[in-house]
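For reference, positions follow the sequence shown, starting with 1.
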Amino acid sequence: LETFGLGKVNELNWKNVLNLYACTECGRCEEQCPAANTDKPLSPKKIIHDIKVDLLDQADAVLSHNGEAIQPLVREEAEVTQDVLWSCTTCRACEDICPVNIEHLDFIIESRKHQVLMEAAFPPEVQETFTNLENQANPWGFSADTRADWCKNMGVPLMCDAPEADILWFVGCAGSFDDRGKKISQAMARVLQRAGVKFAILGPEEACNGDMARRAGNEYLAQMLMQQNAETLNQYKPKQILTSCPHCYNILKNEYGQFDAKYPVLNHADYLLSLHSQGRLVPKGNSLGNLTFHDSCYLGRWNGITQSPRDLLRSMNNGQLTELERIGDKGFCCGAGGGRMFMEETLGKRINMDRAEEVMRSGCATVTAACPFCATMLSDGLRDNESEIVVKDIAEIVDEATRES
């Protein structure tokens, strides 16, 4: 290839063009979009319209195959700007609600890919993240050798020492390095040990799953990380892979097949519920208070998993669970997806603030999540709203509910 990503409208494939022509401009995508709802310059409906107008305006040059005459999609006078492209959280609310199945993210992520790989044009703070991923295989830049330090003295085995383990737990970067994520991982480890699960982790052999780099347009870096993990997985050939991060779950389950590393992948909500159903995780009647649940986009809309976390929480809390206003496939993003966890949010209202305000209206003392990024974003939003609502992962809830009081 001479270029990467979507730089000019003549690089659209037939499905992209069909998407442009199919739009009925009903506006449902705009109503659901967290960027549009918080006064960002991105509107899913408008970006489809603007690219279609650009295609029609440059039709003569496209039809005559005069590539030199075709203007870039992102240019000084164009409607599609850097701010438009980088406002997207890849939550998929637009695609999920679209009555004609338009795939808005194809345009956005492919355009990001061109900007990153061909133009070196991306938010400046992401450069450090890319560098950290390249050098240490995690976005924070901590030494890769310390990836298993979170479970020191917990008796958590490494896969190299227990290759016959029933479950390979892919802990993820947040669960290994982020202070909040490490507490979630420790709770998850205690729960698995309590249930008698024979599991192991990769530790220093694990690298970032590649999701952040891929959604942020750095496809070269994403494939490097994915290939590294694929080789490690194919070395051990795990029976099942367990994840406690929806981003790990989605990419391992749906995209690692591109690198011949296709294995059964479980998310921790489904798996913990199955352990409970088997009688291996029994709640002890500990009071957990009034709970509500925030849907992760990559678990809910991307993979259709909305019911098992709720069933798990109800089973741990005497059947009690209060729902938020926007739930399930209509759940509202926390603002961290699409690499935005590592970008500044300077335009419009902060997405996590919007969601935090909704959590506060629920009247609950605790909001639960099934994603370490969601937990961080909700905690920040609630703190900025001076709220005392506590944010916990479902693993922490199960840990509290099943331990001896």
Side-chain angles (χ1 to χ4, degrees), residues 1-23 29-30 33-36 40-59 61-62 67 69-95 98 101-127 129-130 210-223 251 255 297 302 333 335 337-347:
L1 295 176
E2 294 181 4
T3 65
F4 298 99
L6 175 60
K8 297 180 178 181
V9 288
N10 63 316
E11 296 164 351
L12 296 167
N13 61 35
W14 71 266
K15 179 61 167 63
N16 297 146
V17 177
L18 178 62
N19 280 338
L20 298 179
Y21 291 153
C23 180
C29 57
E30 190 174 88
C33 175
K40 309 288 191 295
L42 169 65
S43 158
K45 180 181 76 171
K46 189 174 185 300
I47 196 171
I48 294 296
H49 172 77
D50 290 339
I51 296 175
K52 179 174 69 175
V53 169
D54 194 46
L55 175 63
L56 296 175
D57 286 347
Q58 304 197 72
V62 172
I70 300 172
Q71 295 293 307
L73 183 63
V74 180
R75 56 188 187 274
E76 190 170 338
E77 71 277 12
E79 292 293 327
V80 179
T81 65
Q82 293 284 346
D83 285 340
V84 168
L85 294 179
W86 293 103
S87 291
C88 179
T89 67
T90 68
C91 73
R92 219 173 191 171
C94 51
E95 295 186 358
C98 180
N101 299 319
I102 290 173
E103 295 171 316
H104 307 73
L105 294 188
D106 279 1
F107 298 98
I108 294 172
I109 294 177
E110 287 300 309
S111 296
R112 285 182 176 184
K113 188 187 299 183
H114 183 85
Q115 294 302 307
V116 172
L117 297 180
M118 301 303 299
E119 306 294 336
F122 48 84
E125 64 270 21
V126 183
Q127 179 60 64
T129 306
F130 287 159
D211 170 82
M212 185 274 161
R214 176 165 274 191
R215 309 307 164 206
N218 198 335
E219 183 66 16
Y220 175 82
L221 178 56
Q223 291 198 21
I251 199 166
E255 299 176 27
C297 301
W302 278 73
C333 183
R340 290 218 54 88
M341 177 75 177
F342 303 96
M343 301 179 202
E344 298 296 334
E345 190 173 352
T346 58
L347 300 173

Subject >> side chain to side chain contact (heavy atoms under 4.5 Å, CB included) between Val116 and Tyr220, worked out >> reply: CA-CA 10 Å; Val116 172; Tyr220 175 82; over 6 Å; no
**OP:** Check step by step if side chain to side chain contact (heavy atoms under 4.5 Å, CB included) holds for Asp83 and Leu347.
**Re:** CA-CA 9 Å; Asp83 285 340; Leu347 300 173; 3.8 Å; yes
**OP:** Apply side chain to side chain contact (heavy atoms under 4.5 Å, CB included) to Ile47 and Leu85, showing your working.
**Re:** CA-CA 9 Å; Ile47 196 171; Leu85 294 179; 4.3 Å; yes
**OP:** Would you please test Leu6 and Asn16 for side chain to side chain contact (heavy atoms under 4.5 Å, CB included) and show each step?
**Re:** CA-CA 11 Å; Leu6 175 60; Asn16 297 146; 5.8 Å; no
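Aromatic ring centroids of Phe122 and Phe130 lie under 6.0 Å apart.
Put simply, the side chain of Gln127 never gets that close to the backbone of Pro124: no donor and acceptor are under 3.5 Å apart. Judged by distance alone, with hydrogens and angles left aside, the side-chain atoms of Arg75 form no donor-acceptor pair with the main-chain N or O of Glu79 at under 3.5 Å. With Arg112 contributing its side chain and Gly338 its backbone, the two residues share a donor-acceptor pair below 3.5 Å. Under a 3.5 Å cut-off, the side chain of Arg92 and the backbone N or O of Glu103 do not form any donor-acceptor pair.
In this structure, the side chains of Val84 and Thr81 come closer than 4.5 Å at one or more pairs of heavy atoms. Between Ser111 and Leu73, the closest side-chain pair of non-hydrogen atoms falls below 4.5 Å. Here the side chains of Cys33 and His104 are not in contact, with every heavy-atom distance at 4.5 Å or above. Using a 4.5 Å heavy-atom cutoff, the side chains of Asn218 and Val126 are not in contact.
In this structure, Lys40 pairs ionically with Glu345, as a charged nitrogen and a carboxylate oxygen lie closer than 4.0 Å. A salt bridge is defined here as a Lys NZ or Arg NE, NH1 or NH2 lying under 4.0 Å from an Asp or Glu carboxylate O, and Glu110 with Lys113 meets this definition.
The two residues Gly210 and Ala222 have their closest heavy-atom pair at O-CB, 3.6 Å. The shortest heavy-atom contact between Pro123 and Met343 is CG-SD, 4.0 Å. Leu117 and Gly217 get closest at one heavy-atom pair: CG-O, 3.9 Å. Between Gly337 and Thr90, the shortest heavy-atom distance links the atoms C-OG1, 3.9 Å. Of all the heavy atoms in Asp106 and Glu95, the pair that sits closest is N-OE2, 4.3 Å. Between Ile48 and Asn19, the shortest heavy-atom distance links the atoms CG2-O, 4.2 Å.
Counting heavy-atom neighbours within 6.0 Å of Glu125 CD, excluding the residue itself, gives a total above 12. Shown here is Glu2, whose CD atom has no more than 12 heavy atoms of other residues, nucleotides or ligands within 6.0 Å.
Once rounded to the nearest 0.5 Å, the distance linking CE of Met118 with OG1 of Thr3 reads 5.5 Å. Arg340 CZ to Arg215 CZ: the interatomic distance, rounded to the nearest 0.5 Å, is 16.0 Å. To the nearest 0.5 Å, atom CG of residue Asp57 and atom NZ of residue Lys52 are 12.0 Å apart. The NZ atom of Lys15 sits 8.0 Å away from the CD1 atom of Ile102 when rounded to the nearest 0.5 Å. Taken from CG in Asp50 to NZ in Lys45, the straight-line distance is 11.0 Å, to the nearest 0.5 Å. Interatomic distance, CD1 of Ile251 versus CG of Asp211, reported as 5.0 Å (0.5 Å rounding).
Checked by atom type, the side-chain pair Gln71/Gln58 shows no donor-acceptor distance below 3.5 Å.
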